Amino acid sequence: MAPSTGRNFPAKLTKQVVLCSLIAAFGGLMFGYDIGISGGVTSMDDFLLEFFPSVYEKKHRAKENNYCKYDNQLLQLFTSSLYLAAVVCSWAAAFCCKKFGRKRTMQMAAAFFLVGVVLNAASVNLYMLIAGRICLGAGIGFGNQAVPLFISEIASAQYRGGLNVCFQMLITIGILIANVVNYFTSNIHPYGWRISLGGAGFPAIFLGLGSLLIVETPTSLIERGKTEEGIKALKTTRGVEDVQKEYEEIVKATETAKKIKHPFRNLIMKQSSWPQLFCGTILQVFQQFTGINVIMFYAPVLFQTMGLGADASLLSAVVTGSINSVSTLVAVFGVDKFGRRKLLIQAAVQMLISQRVHDMITQTD
Ligand SMILES: OC[C@H]1O[C@](O)(CO)[C@@H](O)[C@@H]1O
């Protein structure tokens with residue numbers, strides 16, 4: 001491992017950091033799998049017959065109106081309940097991260113995931129199905145809160161960007177795997193959808209077992225008053241003995257954070273924090289407003305309503321997922337080399353061009 005320094009703190013890229021970050025990033029695989037799986041499952045006839053017979057009827061009879069085929073609020077609840085639960089649970093997860101540490105919060109995520117997967121794969125009624133999706137959502141809320149924080153803290157500054165993008169990389173790989181799984185299971189009758197939903201068990205088990213092996217982050221230990229353990233963790237994760245400066249920096253940051261009584265109010269009221277607040281919020285919001293998840297959640301359903309056959313729709317979703325993964329791979333290797341800003345600007349230009357092209361194609365149809 002090449003020794004180097006970042007923000008004046010000496011550190012190496014240790015095997016432990018790489019391993020821990022990869023294990024944690026499996027939370028991303030889980031998230032991605034859940035994003036990618038629901039659209040394909042809801043397009044499967046066996047699944048519709050079992051839980052949504054009225055949608056099945058509509059799908060096969062309503063030839064005159066493609067766009068109403070999947071118009072069913074309970075069916076949409078199957079997809080959205082996961083994300084609603086995730087939003088609510090991320091608040092609880094933020095508290096758990098602080099109180100119990102990042103490692104424990106990841107273990108909680110894995111436990112929620114496992115319960116959710118079992119409920120979903122074994123579903124015999126709509127209640128089990130939705131309850132399973134809610135548990136998966138809780139897992140995602142906990143995982144998405146703890147994993148990026150864990151990776152940011154376990155990695156030294158100079159490797160943080162690259163390792164953090166691994167989380168996003170695994171999200172996209174999860175989406176792609178889900179699309180491929182759906183493509184094959186759609187031809188396994190009548191329980192292919194159970195295999196699709198049960199497949200989420202693999203990343204969940206891996207995250208669960210892996211989270212038993214990983215170490216807690218130095219920041220979390222120091223923040224919770226476990227100074228000795230924190231210094232030890234700093235030494236092992238940074239791979240150097242001289243961690244005094246970084247330790248002092250963490251203590252300073254922790255003390256400053258503790259003094260802030262109303263962090264959210266401060267953030268909004270303090271004019272000097274507006275640029276960061278604005279950029280952070282706008283970036284997140286607009287990344288989602290691009291409409292990417294319409295494609296990620298509903299690609300197979302969308303392609304089917306546009307007239308493609310069942311297999312072709314699922315295959316088209318595989319193509320979309322592959323492009324998403326390959327593009328993220330560019331970011332993994334480019335983020336620390338070119339910097340966040342350049343990547344972001346070129347991504348915005350790419351999106352603008354492709355949305356314009358898409359607009360032109362759909363207008364001429
Ligand atoms: O790669 C696309 C995926 O990444 C995310 O934006 C998460 O960072 C998801 O919302 C989306 O489905």
Side-chain angles (χ1 to χ4, degrees), residues 21 24-42 76 78-90 93 109 113 133 136-152 160-182 196 200 203 207 279-303 314 316-335 340 343-344 346-348 350-352 354-355 358:
S21 304
F26 263 74
L29 194 75
M30 188 68 224
F31 179 33
Y33 190 88
D34 283 321
I35 289 176
I37 209 73
S38 61
V41 166
T42 49
Q76 301 321 321
F78 167 71
T79 301
S80 56
S81 53
L82 186 149
Y83 302 95
L84 290 172
V87 170
V88 176
C89 288
S90 5
F113 279 142
R133 291 289 286 177
L136 289 175
I140 285 170
F142 275 71
N144 283 10
Q145 188 68 245
V147 172
L149 189 60
F150 175 88
I151 298 178
S152 301
R160 198 161 288 154
L163 287 173
N164 241 319
V165 183
C166 284
F167 178 63
Q168 180 65 26
M169 184 72 231
L170 280 173
I171 295 180
T172 63
I173 294 179
I175 298 174
L176 179 59
I177 293 177
N179 290 328
V180 174
V181 168
N182 276 338
S196 286
L207 180 69
C279 288
T281 313
I282 288 299
L283 279 180
Q284 301 274 359
V285 169
F286 279 93
Q287 187 244 17
Q288 293 298 306
F289 275 11
T290 55
I292 180 66
N293 284 321
V294 174
I295 308 291
M296 293 306 167
F297 295 169
Y298 297 111
V301 171
L302 219 75
F303 289 125
L314 289 166
S316 305
V318 174
V319 174
T320 320
S322 308
I323 295 172
N324 190 27
S325 289
V326 172
S327 313
T328 311
L329 198 63
V330 175
V332 171
F333 291 106
V335 71
R340 283 73 164 149
L343 278 189
L344 196 66
Q346 69 81 30
Q350 259 183 55
M351 279 193 283
L352 195 70
S354 56
Q355 294 206 331
H358 175 263

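One-based numbering, in listed order, for ligands and for the atoms of each. What you see is a predicted model; the values in this text were computed from it and never measured.
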Task: Closest approach of any protein heavy atom to atom 6 (O) of ligand 1, naming residue and atom - done: Q287 NE2, 2.8 Å
Task: Main-chain N/O of L82 paired to R133 side chain as donor or acceptor, under 3.5 Å - done: no
Open item on the list: If you compare all heavy atoms of A109 against all heavy atoms of G139, which two are closest, and at what distance to 0.1 Å?
Closed with: CB-O, 3.4 Å
Open item on the list: So which atom in I171 and which in F31 form the shortest heavy-atom distance, rounded to 0.1 Å?
Closed with: CD1-CD2, 3.5 Å
Open item on the list: Using a 4.0 Å cutoff against the non-hydrogen atoms of Q288, which atoms of ligand 1 qualify?
Closed with: 6 (O), 10 (O)
Task: Smallest separation among heavy atoms of D34 and A200, with atom names - done: OD1-CB, 4.3 Å
Open item on the list: At less than 4.0 angstrom from any non-hydrogen atom of T172, what atoms of ligand 1 do you find?
Closed with: 1 (O)
TODO: Do me a favour and list the nearest non-hydrogen protein atom to atom 1 (O) of ligand 1 with residue, atom name and distance?
DONE: N324 ND2, 3.0 Å
Task: side chain to side chain donor-acceptor pair (under 3.5 Å) partners of S90, counting only residues at least two apart - done: none
Open item on the list: Suppose the criterion is side chain to side chain donor-acceptor pair (under 3.5 Å): which pairs have a residue in residues 282-292, not counting sequence neighbours?
Closed with: Q288-N293
Task: atom 4 (O) of ligand 1: the protein heavy-atom neighbour that sits closest, reported with distance to 0.1 Å - done: Q168 NE2, 2.9 Å
Open item on the list: Return the closest protein heavy atom for atom 10 (O) of ligand 1 as residue, atom name and distance.
Closed with: N293 ND2, 2.9 Å
Open item on the list: Give the atom numbers and elements of ligand 1 that come within less than 4.0 Å of a heavy atom of M296.
Closed with: 12 (O)
